[in-house]
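Notes for the one structure printed next.
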Amino acid sequence: ADVPQGQEILYRFLIRVGYIGDDDLHLMLTDCIIHIKGRNLRELRRKLARRRVTFIQAFNPMTWAEPAAQEPFIEKITLLYPGEGGEKGS
């Protein structure tokens, strides 16, 4: 059985929301950077900047059908720890 795992991040630690096009987001926190890779993420970026997002999860093909090409899609979420050389992904 799969055990749910994740991270809970408080908005007060979110310093900046960076992006490259509509497919890559970088959430700069006080101790790490969360890299979100996907497609059609513009609205997610805008909602994050306005602190309107309560939950983010990467796509899991075992759970859901793949969304249409024009729909938002999160392929991968990676936590980067600058200075520590570490990376954790989902």
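As a basis for the values below, the full set of heavy atoms in this structure was taken, side chains included, without hydrogen atoms, waters or symmetry mates. Bear in mind that the values here come from a model prediction, so they are computed numbers and not experimental data.
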Pairs meeting criterion side-chain hydrogen bond (donor to acceptor under 3.5 Å, both in side chains) with involvement of residues 43-52, two or more places apart:
none
Taking the side chain as every heavy atom from C-beta outward, state whether [X] and [Y] have any pair of such atoms under 4.5 Å apart.
| X | Y | value |
| --- | --- | --- |
| Glu75 | Phe59 | no |
| Ile36 | Leu27 | yes |
| Ile34 | Ile9 | yes |
| Tyr81 | Ile33 | no |
| Phe13 | Leu29 | yes |
| Ile74 | Leu44 | yes |

According to side chain to side chain donor-acceptor pair (under 3.5 Å), who are the partners of Asn40, at least two apart in sequence or on a separate chain?
none
Could you give all pairs that pass the ring-ring contact (aromatic ring centres under 6.0 Å, His included) test and reach residues 33-57, with sequence neighbours left out?
His26-His35
Same hydrophobic cluster for [X] and [Y], using side-chain heavy-atom links shorter than 4.5 Å among ILVMFWY?
| X | Y | result |
| --- | --- | --- |
| Tyr19 | Tyr11 | yes |
| Leu48 | Phe73 | no |
| Leu10 | Ile77 | yes |

Identify whether the distance between the nearest side-chain nitrogen and carboxylate oxygen of Asp23 and Arg39 falls below 4.0 Å.
no
Closest approach of Cys32 and Pro82, non-hydrogen atoms and distance?
CA-CD, 4.3 Å
Taking every heavy atom of Met28 against every heavy atom of Gly18, the minimum-distance pair comes out as SD-N, 4.3 Å
Rounded to the nearest 0.5 Å, how far apart are CD1 of Ile20 and NZ of Lys37?
9.0 Å
